[in-house]
Protein chains: 2
Amino acid sequence: MGTSIDTLQELLFDLAGVLPADTAPLFAMTTMVSLETNETYIREGENSRRLAFIEQGVIRTYTIKENGDEATLLLRWEGQFIASHDTIINRQPSRFIYRALEPVKLLQIDYDVLEEILKTHPEYEPLRNFFLMKMLAESLKMLESFVTQSPEERYRELLSNRFDLVNRVPDKYIASMLGITPVSLSRIRKRMYTKRKTII
Amino acid sequence: MGTSIDTLQELLFDLAGVLPADTAPLFAMTTMVSLETNETYIREGENSRRLAFIEQGVIRTYTIKENGDEATLLLRWEGQFIASHDTIINRQPSRFIYRALEPVKLLQIDYDVLEEILKTHPEYEPLRNFFLMKMLAESLKMLESFVTQSPEERYRELLSNRFDLVNRVPDKYIASMLGITPVSLSRIRKRMYTKRKTII
DNA sequence: CCCCTAAATTATCTTTTGTTAACAGCGGAC
DNA sequence: GTCCGCTGTTAACAAAAGATAATTTAGGGG
């Protein structure tokens, strides 16, 4: 009886009116997974089609650039879904690595298994829909920030919206997610906390 | 009998085995819409929940920044879906404007109507799923380009992948979508076509 | 054909970022 | 405690981008 299951049962009831007692076929196919700090969840080139709900901890999704540098695409934490999007959407080996930045607990299901369940239990379909829409909304929000804001503005917004996250994650990953180098982020922080009048 | 309907019927058959003859309930609720060049499809603040499949033409999705400048989030063209994501996903008035850059023909459905249809015709559900996954894949691809590539690299990639698009759309919108100013894009082009040995 | 407008380029100057390397701070291993 | 490795900061210089304005280019309408 994990809190992830409780949360998802509640979500499923709110979305589709499915009673918790009727979710057994779904949760029977989920697995609770624990990851240590720095443990890799999904490797580069891996073909597993994993979808998971994070109960605790932070996972970093990153790729290795041609020059060997890492580029962080996403940071996901408790209460969010995480998915191997290359394998699930594009049906190709994952170009991304998913790694725990802290001890992580997540509730996992194989996407192929989920699809099978959905064939016989279409009442769970709203959950998949919710997950896709949520991911899409978040991606578009981030995309919007790249075309409307400067790196400094993106960092300021991250600070005001996700202060907890910024404090839990090393700056170099934050910088990478903002599309800049750690050196630049350090300079932005310096500008913010010295020159400027408005701290946040 | 529009070609959009043909395309979508084919898609629905491939995705879910639904025969074209069985798609009447869906397409009965769609409308063919024509837009002139520069005609606005969705206004800022609008609450309509429109989902459409573009049969011909290019639509630009942009927002007005605080300083009054425009920022182009997406360019969508024939064969792609377009959706008022603020109203559909976030259930809030659209912060974005959708405007035709060329004469546009699209097949439109109201998302609320689509949801009603899906309740009685769950066999169409894979189509919604396909649309969401497609949009998500594209958003993540763009996001990836922002964290892994420089503006020049993003432009080069756009040239090699979407040469047709670059030639149909004014540079200033391309620049905005790349997250830079038109002046910067002009300089990138100059650097590419003079200094460097590799043209593309 | 000329005029008008919008788009693109160019120029100048300022600001920011990238790159590289040195250095400080900190925590863990021993 | 000392050593080591990782993170973040700082410095110095090069490269790129932003802001602004002037100029050129391209197209459309009369």
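The structure displayed is predicted, hence computed values, not measured ones. Side chains are part of it too, since the values below use all heavy atoms of this structure and drop only hydrogens, waters and symmetry mates. Lettering of chains follows the sequences in order, A, B, ..., and the numbering in each one begins at 1.
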TODO: Output all residues satisfying ring pair (Phe, Tyr, Trp, His ring centres under 6.0 Å) with A:Tyr62, sequence neighbours left out; order by chain, then residue number.
DONE: none
Task: Partner set under side chain to side chain contact (heavy atoms under 4.5 Å, CB included) for A:Asn90, not counting sequence neighbours - done: A:Asp86, A:Gln92, B:Ala137
TODO: Provide, to the nearest angstrom, the distance between the CG atom belonging to A:Leu185 and the C1' atom belonging to D:dG8.
DONE: 10 Å
- [ ] Only counting residues at least two apart or in another chain, list the ones meeting side chain to side chain contact (heavy atoms under 4.5 Å, CB included) with B:Thr148.
- [x] A:Thr63, A:Lys65, A:Ala71, B:Glu144
Open item on the list: Among residues at least two apart in sequence or on other chains, which ones pass ring pair (Phe, Tyr, Trp, His ring centres under 6.0 Å) with B:Tyr98?
Closed with: none
Polar atom pairs (N or O), protein with nucleotides 27-30 of chain D, under 3.5 Å:
none

- [ ] Verify the contact: side-chain N or O of A:Arg191 to OP1 or OP2 of D:dT10, cut-off strictly under 4.0 Å; return yes or no.
- [x] no
TODO: For A:Tyr193 and D:dT10, give me the distance from atom OH to atom C1', rounded to whole Å.
DONE: 18 Å
Task: Nucleotide C:dG18, atom P - distance to CG of A:Asn67 in whole Å - done: 13 Å
Task: Residues from residues 169-184 of chain A lying under 4.0 Å of DNA chain D - heavy atoms - done: A:Pro170, A:Asp171, A:Lys172, A:Val183
TODO: Using the test ring pair (Phe, Tyr, Trp, His ring centres under 6.0 Å), find all partners of B:Tyr41 that sit at least two apart in sequence or belong to another chain.
DONE: none
Check nucleotides 26-30 of chain C for protein N or O atoms closer than 3.5 Å to its own N or O atoms and list the pairs.
none

Task: Pairs satisfying side-chain hydrogen bond (donor to acceptor under 3.5 Å, both in side chains), at least one member in residues 17-38 of chain A, at least two apart - done: A:Gln9-A:Thr23
Task: Non-hydrogen side-chain atoms of A:Lys105 and A:Glu78 separated by less than 4.5 Å - done: no
- [ ] Report the distance from atom CD of B:Glu152 to atom C1' of D:dG18, rounded to the nearest whole Å.
- [x] 17 Å
Task: Under 4.0 angstrom between A:Arg187 side-chain N/O and D:dT9 OP1 or OP2 - done: no
Task: For B:Phe53, all residues meeting ring pair (Phe, Tyr, Trp, His ring centres under 6.0 Å), sequence neighbours excluded - done: B:Phe81
Task: Listed partners of A:Arg187 passing side chain to side chain contact (heavy atoms under 4.5 Å, CB included), at least two apart - done: A:Val183, A:Ser184, A:Arg191
Open item on the list: For a quick check of understanding: with a heavy-atom distance under 4.0 Å over all strands, which category does A:Ile188 fall into, base, sugar-phosphate or nothing?
Closed with: sugar-phosphate
Open item on the list: To the nearest 10°, give me the bend of the helix from C:dC1-D:dG30 to C:dC30-D:dG1, comparing the axes of its five terminal pairs at either end.
Closed with: 30°
TODO: Answer whether the closest heavy-atom distance between the side chains of B:Glu55 and B:Thr3 falls below 4.5 Å.
DONE: yes
Task: A:Asn38 CG - D:dC6 C1' separation (whole Å) - done: 11 Å
